[in-house]
Amino acid sequence: MSTSSTALRTHLCGELRPDHIGERVALCGWVARRREHGEHLAFIDLRDHTGIVQCVVDGGADLRSEFVVRITGTVRHRPEGTVNDALATGGVEVGECDVEVLSAAEPPPFPLDERAPDVDETIRLRHRYLDLRRDEMQRNLRTRAKVNSAIRSAMDGQGFVEIETPMLIASTPEGARDFVVPARTRPGSFYALPQSPQLFKQLCMVGGVDRYYQIARCFRDEDLRADRQFEFTQLDAEMSFADQEDVLAAISGAVDSVVEAVTGGRLGDVPRMTWHDAMDRYGSDKPDTRFGLELVELTDLFAATGFNAFKAPCIKGVRHPGAAADTTRSRLDDLTDSAKRWGAKGLVWMRVEQGDDGATVLNSPVAKFLSPEELDGIVTRLGAEPGDLCYLVADDWHAVCHVLGLLRLELARPPVDASDLHFLWVVDFPLFESVDEATGRPVPAHHPFTMPHAEDLGLLDGSPEQLLKVRSQAYDLVLNGWELGSGSVRVHDPAVQRRIFELLGISPEDAQERFGFLLDAFRFGAPPHAGFAFGIDRLVALLLGEENIREVIAFPKTQSGGDPLTGAPAEIDPAQLEELGLRLLPRST
RNA sequence: GGUCCCGUGGUGAAGUCAGGAGUUCACGCCGGCCUGUCAAGCCGGAGGUCGCGGGUUCAAAUCCCGUCGGGACCGCCA
């Protein structure tokens with residue numbers, strides 16, 4: 001069946017070309033623009049999802065913006081000198097038009113053209129059905145559909161089976177805050193919406209599925225961001241009898257298909273970096289490797305320093321080449337404030353200048369507290385040259401990396417750019433991200449079913465310091481500083497699982513209570529398995545050069561979680577509450 | 001939980017720092033003119049509780065407090 005012709009139309013607006021000249025066509029669409037020249041002539045730009053074509057109405061036309069019309073006419077050459085190269089259809093026009101109004105329309109509340117991105121986003125969202133008519137949004141929706149399609153064929157081709165897992169599941173206290181749904185049939189009980197299909201996909205492995213995937217909607221009740229919505233979509237996958245390499249290869253295959261479908265290019269070999277390197281050099285577990293400004297280790301230079309602020313377990317620096325001239329003092333003060341908000345005790349900045357004797361000197365409020373050797377060391381280690389600005393932070397390793405990592409982004413992060421894609425696997429995540437000072441227990445970096453590195457298993461019985469050295473078989477996919485997704489090899493050995501639960505302070509009773517169904521399943525023969533999930537909203541946004549995933553979601557929510565179109569979230573009828581056995585607390589003021 | 005920015009006819013902006021008549025610009029809208037335009041053009045017109053509430057002041061879009069809405073970020077997101 002043709003994708004163009006229907007009962008009401010023979011062609012789509014954007015597909016008319018000189019090849020069609022002479023054909024009598026019927027087009028349907030919206031009046032994008034009209035140029036009326038009195039009662040004798042009018043130009044109507046007719047728009048559908050494929051584009052715009054100019055229709056010439058002799059005798060004028062009483063149409064308004066966004067009227068839905070059916071225009072029947074003849075495709076013809078544009079007269080000499082009136083070809084419009086800005087339009088794909090600009091070589092032709094539709095003449096001898098009969099116009100039938102299918103729906104009249106009120107004037108749109110905002111311009112549906114290239115000016116729309118400047119419009120208050122609330123207004124766009126309140127009238128999202130109008131926003132979606134725009135080229136850019138049509139492109140985004142269709143690219144997203146193409147991505148889903150590419151993912152499905154890539155996963156199908158690799159032997160993965162698409163399985164739908166439930167949306168109404170039991171809440172587990174780990175991870176993000178759950179969205180919760182009251183259970184009418186069991187008052188006082190609640191379902192939760194899945195943060196991910198994690199446990200179900202592992203059950204699929206026990207169920208002999210071998211390779212599972214799902215384009216899965218996930219829900220997390222945490223604060224929203226440019227790259228985070230309450231509900232988002234992941235490619236979720238799991239493989240049996242597989243290790244990390246198998247998973248990376250399979251996911252790379254899917255991402256490669258996506259990149260090819262969207263850009264025509266190929267993914268190529270995705271570089272890898274250990275988590276420790278990522279933190280050490282970029283101050284982030286999702287480093288944006290499109291630009292330099294790497295963190296430079298300086299700790300040893302200050303082993304015997306007299307400067308109290310630098311008597312710290314870790315000191316690192318960042319060099320911002322050539323930034324001295326256009327970085328004002330007030331900007332430096334702002335950066336210092338930011339660094340403090342990010343958790344630093346302070347931020348040391350140094351302007352690199354050329355001294356009278358030609359030597360490189362550091363101009364900084366703290367320079368007088370540092371020895372010549374220390375200053376020389378900074379210059380040498382950072383490779384500082386006159387005109388540069390250098391920033392130093394002293395604290396423990398985590399804090400230094402974190403603050404300089406954020407500073408690095410603040411100083412030099414390039415805008416989203418679809419033509420400059422730096423994919424990166426971050427591997428060897430630690431099993432535990434920290435040790436809780438109050439309880440002395442390690443805090444898991446991933447979920448508690450993450451398999452440690454085989455050679456680090458012995459450290460599980462060691463000191464807290466040794467525990468923090470345990471690497472896990474967990475890995476993230478990063479693109480231009482956005483975490484696209486993560487995965488791990490799962491624990492399938494009951495002894496290892498018991499030990500990890502024990503370390504985390506999860507008693508056998510707790511474990512049974514929370515994940516009993518999974519542990520039970522594992523008792524009946526669990527294959528070694530590993531998996532991954534990546535966020536499709538984020539991937540599509542970055543591939544399209546969008547700074548915000550709302551641009552690739554048909555009906556997204558605002559930062560406060562509202563939908564200006566439907567008014568969600570909304571109060572519900574007291575009768576509904578009654579039926580659910582719920583009563584509202586008085587609002588706190 | 002926190003930091004910062006924004007809110008002015010339907011839309012986008014200027015005006016706010018430094019208080020003085022709802023002032024201005026562009027688009028859109030309505031009417032008129034117009035036979036080759038393409039963000040058509042020309043002429044005329046309508047349209048605003050300056051988000052909301054309170055305070056200061058002779059006087060508030062402008063200053064102060066609060067609040068609502070939007071955005072970016074930190075925390076949070078196993």
Side-chain angles (χ1 to χ4, degrees), chain A residues 32-45 52-60 64-66 78-87 89-90 93 95 106-127 130 172-178 195-196 198-199 218-230 232 286 334 337-344 402-403 406 409-410 413 429 431-434 442-450 472 474 483 486 488 500 504 506 514-515 535 547-548 550 557-562 564 589:
Chain A
R33 216 164 264 129
R34 67 211 144 84
R35 295 174 292 282
E36 297 187 46
H37 293 242
E39 59 191 9
H40 300 292
L41 175 68
F43 298 97
I44 304 298
D45 283 348
I52 281 175
V53 68
Q54 171 168 287
C55 302
V56 185
V57 181
D58 298 309
R64 294 289 185 274
S65 290
E66 301 306 317
R78 288 195 180 202
E80 187 79 26
T82 64
V83 167
N84 184 351
D85 291 327
L87 285 181
T89 61
E93 63 186 15
E106 295 178 16
F110 63 95
L112 304 186
D113 57 24
E114 62 286 345
R115 290 169 296 185
D118 296 327
V119 172
D120 182 342
E121 199 180 342
T122 318
I123 292 166
R124 289 177 54 207
L125 291 180
R126 184 172 300 134
H127 303 277
L130 297 179
T172 55
E174 286 69 31
R177 194 178 295 113
D178 276 325
Q195 297 178 26
S196 81
Q198 180 63 37
L199 301 177
C218 304
F219 302 85
R220 292 180 191 173
D221 187 4
E222 298 292 349
D223 288 351
L224 285 63
R225 288 281 199 286
D227 62 349
R228 274 163 37 186
Q229 285 270 305
F230 280 155
F232 59 100
K286 46 180 180 180
D334 287 347
D337 288 344
S338 295
K340 287 176 177 169
R341 277 199 302 278
W342 297 330
H402 176 66
V403 170
L406 290 172
L409 295 175
E410 170 68 25
R413 180 171 194 173
F429 270 70
L431 191 64
F432 306 111
E433 65 178 23
S434 61
V443 179
H446 202 52
H447 58 63
F449 311 108
T450 306
S472 66
E483 179 191 325
S486 62
S488 63
I500 291 174
L504 297 176
I506 302 173
R514 297 194 210 168
F515 327 106
E547 300 271 359
N548 195 305
R550 292 190 295 273
K557 293 188 174 47
T558 66
Q559 195 165 66
S560 62
T589 49

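Each chain gets a letter, A, B and so on, in the order its sequence line appears, and its residues count up from 1.
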Run the side chain to side chain donor-acceptor pair (under 3.5 Å) test against [X] and tell me which residues pass, sequence neighbours left out.
| X | result |
| --- | --- |
| A/E433 | none |
| A/N84 | none |
| A/E483 | none |

[atom1] gap between [N] and [M], integer Å:
| N | M | atom1 | answer |
| --- | --- | --- | --- |
| B/A18 | B/A59 | C1' | 16 Å |
| B/G15 | B/U24 | C1' | 8 Å |
| B/G32 | B/C17 | C1' | 45 Å |
| B/A39 | B/C29 | P | 15 Å |
| B/G44 | B/C6 | C1' | 36 Å |
| B/C30 | B/A46 | C1' | 7 Å |
| B/C50 | B/U16 | C1' | 11 Å |
| B/A60 | B/G51 | C1' | 16 Å |

Side-chain N,O ([X]) to OP1/OP2 ([N]) below 4.0 Å:
| X | N | result |
| --- | --- | --- |
| A/T122 | B/G69 | no |
| A/R550 | B/A72 | yes |
| A/R35 | B/A40 | yes |
| A/H402 | B/G75 | yes |
| A/Q559 | B/A72 | yes |

Counting side-chain heavy atoms from C-beta on, which of [options] comes nearest to [X]?
| X | options | result |
| --- | --- | --- |
| A/T82 | B/C38, B/C74, B/G71 | B/C38 |
| A/A226 | B/C29, B/G36, B/C73 | B/C73 |
| A/N548 | B/C29, B/C76, B/A72 | B/A72 |
| A/L406 | B/G36, B/G70, B/C74 | B/C74 |
| A/R341 | B/U3, B/C77, B/G70 | B/U3 |

Distance, rounded to the nearest Å, where A/L112 contributes CG and B/C27 contributes P |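 Rounding to the nearest Å, CG of A/L112 and P of B/C27 are 18 Å apart.
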
Which part of the nucleic acid, if any, lies within reach of [X] when heavy atoms closer than 4.0 Å are counted: base, sugar-phosphate only, or nothing?
| X | value |
| --- | --- |
| A/S338 | nothing |
| A/E433 | nothing |
| A/D113 | nothing |
| A/R177 | nothing |
| A/A445 | sugar-phosphate |
| A/S65 | sugar-phosphate |
| A/H127 | nothing |
| A/R124 | nothing |
| A/R225 | base |

Looking at [X] and [N], is any side-chain donor or acceptor paired with a base atom of the opposite kind under 3.5 Å?
| X | N | value |
| --- | --- | --- |
| A/R64 | B/C30 | no |
| A/E39 | B/U35 | no |
| A/N84 | B/C38 | yes |
| A/D223 | B/G75 | yes |
| A/E93 | B/G36 | yes |
| A/R228 | B/C77 | yes |

A/R177 (side chain) donor-acceptor with A/D221 (main chain) under 3.5 angstrom = yes

Answer yes or no: is there a donor N or O on one side and an acceptor on the other, between the side chain of A/R64 and the main chain of A/P107, under 3.5 Å?
->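 Judged by distance alone, no pair lies under 3.5 Å.
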
Please identify each residue that fulfils side chain to side chain contact (heavy atoms under 4.5 Å, CB included) with A/A226, with sequence neighbours left out.
-> A/N548

Table of protein N/O atoms under 3.5 Å from nucleotides 42-44 of chain B N/O atoms:
none

Considering only NZ, NE, NH1 and NH2 on the basic side and carboxylate oxygens on the acidic side, decide whether A/E121 and A/R550 come within less than 4.0 Å.
->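 Yes, A/E121 and A/R550 are salt-bridged.
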
Are A/H37 and B/G36 stacked, counting the six-membered base ring, centres under 5.5 Å, planes under 30°?
-> no

Is there ring stacking between A/H40 and B/U35, where the centres must be under 5.5 angstrom apart and the planes under 30 degrees?
->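 Stacking between A/H40 and B/U35: present.
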
Mind checking the CG-NE2 spacing from A/D58 to A/H40? Nearest 0.5 Å is all I need.
-> 11.0 Å

Restricting to nitrogen or oxygen on both sides, can you table the protein-nucleotides 11-13 of chain B pairs closer than 3.5 Å?
{"residue": "B/G12", "atom": "OP1", "partner": "A/D120", "partner atom": "N", "Å": "2.7"}

